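Any value given below was found using the heavy atoms of this structure, including those in side chains, with hydrogens, waters and symmetry copies removed. Values in this document were obtained by computation on a predicted structure and should not be read as measured data. Lettering follows sequence order; numbering is per chain, from 1.
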There are 2 protein chains.
Amino acid sequence: MERHEIEAFLTLAEELSFRRATDRLGLAQGRVTQIIQKLERRFGVPLFERTSRRVALTPAGETLRDELLPAYEQVRRAVANAVAVGRGTAVPLQVGYSSPMAADLILRAADRFTERYGGGVQIHEVQLADPFGPIRTGQVQLQVTELPVREDDLVVGTVLFTEERLVMLHRDHPLAHQESVELEELADSTLVVFAGDTPRYWRELHYPRHTPSGRPIAHVEAAYWQEALSMVGAGKGVTFACARAELYYARPDTVWLPFHGAPPIDYGIIWPRHGATPRVKAFIDILETYRAG
Amino acid sequence: MERHEIEAFLTLAEELSFRRATDRLGLAQGRVTQIIQKLERRFGVPLFERTSRRVALTPAGETLRDELLPAYEQVRRAVANAVAVGRGTAVPLQVGYSSPMAADLILRAADRFTERYGGGVQIHEVQLADPFGPIRTGQVQLQVTELPVREDDLVVGTVLFTEERLVMLHRDHPLAHQESVELEELADSTLVVFAGDTPRYWRELHYPRHTPSGRPIAHVEAAYWQEALSMVGAGKGVTFACARAELYYARPDTVWLPFHGAPPIDYGIIWPRHGATPRVKAFIDILETYRAG
DNA sequence: TTTCGTTACGTTAGTCGTAAAGATT
DNA sequence: AATCTTTACGACTAACGTAACGAAA
């Protein structure tokens, strides 16, 4: 199909009136009729059912419209993006992250991305209190974040890296003098659970309610991460975090210990179901090639 | 961009040689040069860097190739599909299901789909022993199946329907005379776990290892679903299934009872990450509108 | 009679082919 | 000299516009 044929077909499919379609396309009377007839002769398939009073799509026409419209729009976007890249006016890709380690990885990938596609990359820290807000509002186009993520409108890519978990204890806690802590040993402790707006499946995976042998672990909720830190500092319980957290959230009244018995935290890429533009896909590709390094 | 421009650009981007590109396109010497020059003048952006010995894509050219190629292929598919629909030669959509209730829903949606898009729908039962095999090999293009599904190469749609769980007991089991069973009451029973090739997260959600109060539940594995049924029939344990299973797997030596305390099973649509063709999307749309009814 | 889709025909833009000229190894 | 890209120019296809025709409200 030629461009003018695609435009004529899609316009007519939308307007369902030869007159309005020719007007919108700025063509002469009869032209749209000629173009559509030629298409139908070439395909050997009617695309519209028409009387002099009504124009309707045939099933074949509906299929063509449904599949052609997104393809045609992508052609236009492709040209616009290429021109933007060539002129250096491409808009920066907005990328979210929820861990400093993810930011490192993103910034390394950003250089290679900008080299090839231009436009640059802007990073945004995403608070765990609202982990999917920015990606849902379009503030970021993709995000590197803690797994698992199971949201109907978000697609999850492969695991990028894995972070060991630490346990944060008050320095007077009975376990604080040990070299490391097993999950089993937390049976008699209270676990400070960072609730926020994190999904339930996320909390259930990160904060177990039982030890491997089945003994219960008491929970107490904290609405904000800083609140969780304070509660541990006040001796009201222990909590978990990824290994890097030690560098950012050190306090004099607490100690961090390696933690065994619960799986480490996976980090992966997420993006909106319908947001996988070629630029986004390209950045995901680069991220995944940097995964190993 | 016109069709001949797209074809010239993509061919040159692949061959990186004006001579080979003109040959492959069956055009006269110099034509590809003219077409590319015209594009570059119109866009105001160079797409290729060329000496008389080397042709390479500029960053703008790379962007254009990456985004244009899939769009162009979709245009061709769109035409082919529309012609197939119009001639009644469209290939049937292959849909998998793992529960009889899903089959009902699929068949209702299939009528509406065939009405609009033609080609029909073929359904295939997917064995839980290998829940993702057929969709990965392309035997089915989408599948209605038990959630959760967390596979990197599969996309999960919204929840279509929810099925209550039953517990299957031997008729001499201490709980068999009750009206219903609570999860807590299974603390002293053995649970027959249908293992097969189901992913670990799936088994962990469907077969708890502890009661709500933390008492352990013993597990014994069965490789096949029929084996699980036999084991329950032999009094070696109890097992779970969705409500409809009672109709299909009734045995004289066992009873089915309503089961409380574990969440019901969600059923949803899954499809391959890169398999969301317009036809597949259309069928998903129809399925989701039939969800309520 | 007006409105809408179709048909007929002449005009023109632009795609294509031929042929020759630069450029680089 | 050989191979590749570029330029110049004429021919012809087909996209386009103008104008008239047929059918339905």
Side-chain angles (χ1 to χ4, degrees), chain A residues 1-62 64-65 68 72 75-76 79 86, chain B residues 1-62 64-65 68 72 75-76 79 86:
Chain A
M1 281 181 87
E2 307 298 324
R3 181 191 51 79
H4 75 274
E5 292 173 331
I6 293 174
E7 285 178 350
F9 171 80
L10 289 177
T11 308
L12 180 59
E14 191 185 334
E15 294 286 353
L16 293 177
S17 153
F18 281 82
R19 202 182 66 79
R20 285 198 300 274
T22 43
D23 284 355
R24 252 184 57 181
L25 292 165
L27 295 177
Q29 290 297 334
R31 273 268 63 213
V32 173
T33 301
Q34 292 174 10
I35 294 168
I36 299 299
Q37 280 178 341
K38 188 170 180 179
L39 274 180
E40 290 175 323
R41 260 187 296 124
R42 190 183 326 142
F43 294 168
V45 160
L47 298 172
F48 294 90
E49 278 173 4
R50 38 211 194 267
T51 68
S52 47
R53 226 49 184 178
R54 224 178 74 86
V55 176
L57 283 157
T58 62
E62 282 192 349
L64 189 61
R65 186 243 295 141
L68 199 57
Y72 177 65
V75 169
R76 295 173 59 98
V79 173
Chain B
M1 281 181 87
E2 307 298 324
R3 181 189 52 78
H4 75 274
E5 292 173 330
I6 294 175
E7 286 177 350
F9 171 80
L10 289 177
T11 307
L12 179 59
E14 191 185 333
E15 294 285 353
L16 294 178
S17 154
F18 282 83
R19 202 182 62 82
R20 284 199 299 275
T22 40
D23 285 356
R24 250 183 59 181
L25 291 166
L27 294 177
Q29 290 297 338
R31 274 272 56 217
V32 173
T33 300
Q34 292 173 10
I35 294 169
I36 299 298
Q37 280 179 340
K38 187 168 178 179
L39 274 180
E40 290 176 324
R41 270 209 321 273
R42 193 186 320 146
F43 294 167
V45 160
L47 299 172
F48 294 90
E49 279 173 3
R50 38 206 192 268
T51 70
S52 49
R53 226 51 183 178
R54 226 178 73 85
V55 176
L57 283 157
T58 61
E62 283 192 347
L64 189 59
R65 186 241 296 140
L68 199 56
Y72 177 65
V75 169
R76 294 173 58 99
V79 172

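- dT6(D) atom P lies 11 Å from atom CZ of F48(B), rounded to whole Å.
- Here R50(A) reaches the OP1 or OP2 of dT6(C): one of its side-chain N or O atoms lies under 4.0 Å away.
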Run the numbers on L47(B) and E62(B) for side-chain contact (heavy atoms from CB on, under 4.5 Å), then give the verdict.
-> CA-CA 8 Å; L47(B) 299 172; E62(B) 283 192 347; over 6 Å; no

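- Comparing H4(A) and G30(A), the nucleotide of DNA chain D nearest to each residue sits closer to the 5' end for H4(A).
- One finds no salt bridge joining K38(A) and E2(A) here, because no Lys/Arg side-chain nitrogen approaches an Asp/Glu carboxylate oxygen to under 4.0 Å.
- Among the atoms of the strands shown, none is found under 4.0 Å from any heavy atom of E2(B).
- Put simply, CZ on R42(B) is 11 Å from C1' on dG14(C), counting in whole angstrom units.
- Looking at heavy-atom distances under 4.0 Å, V32(B) makes no contact with the nucleic acid at all.
- Taking atom CD of residue E49(A) and atom P of nucleotide dT6(C), one finds them 13 Å apart after rounding to whole Å.
- To the nearest angstrom, C1' of dG5(C) lies 11 Å from CG of L12(A).
- At whole-Å resolution of the value, CD1 in I35(B) and P in dT5(D) are 14 Å apart.
- Looking at E40(B), H4(B), E7(B) one by one, the single match for side-chain contact (heavy atoms from CB on, under 4.5 Å) with I35(B) turns out to be H4(B).
- When distances are taken from the side chain of R31(B) to each of dG5(C), dG17(C), dG17(D), the shortest belongs to dG17(C).
- When the side-chain nitrogen and oxygen atoms of Q29(B) are compared with OP1 and OP2 of dT6(D), none of them lie within a distance under 4.0 Å.
- Atom CZ of R3(B) and atom P of dG14(C) are 17 Å apart (whole Å).
- Of the candidate nucleotides dT5(D), dT18(C), dG17(D), dG17(D) has the atom nearest to the side chain of Q34(A).
- Between T51(A) and K38(A), the one whose closest nucleotide on DNA chain D sits nearer the 5' end is K38(A).
- Proximity note for R19(B) (side chain, C-beta onward) versus dT6(C), dC4(D), dC4(C): the nearest is dC4(D).
- Between Y72(A) and F9(A), the distance separating the two ring centers is not shorter than 6.0 angstrom.
- Between the side chain of R53(B) and the base of dT5(D), no donor-acceptor pair under 3.5 Å is found.
- Taking atom CD of E40(A) as the reference point, atom P of dT7(C) lies 11 Å away to the nearest angstrom.
- The F18(A) side chain lies nearest to dT6(C) when the options are dT6(D), dT6(C), dC16(D).
- Using a 4.5 Å heavy-atom cutoff, the side chains of E14(B) and R24(B) are in contact.
- Between the CG atom of D23(B) and the C1' atom of dG17(C) there is a distance of 14 Å, given to the nearest Å.
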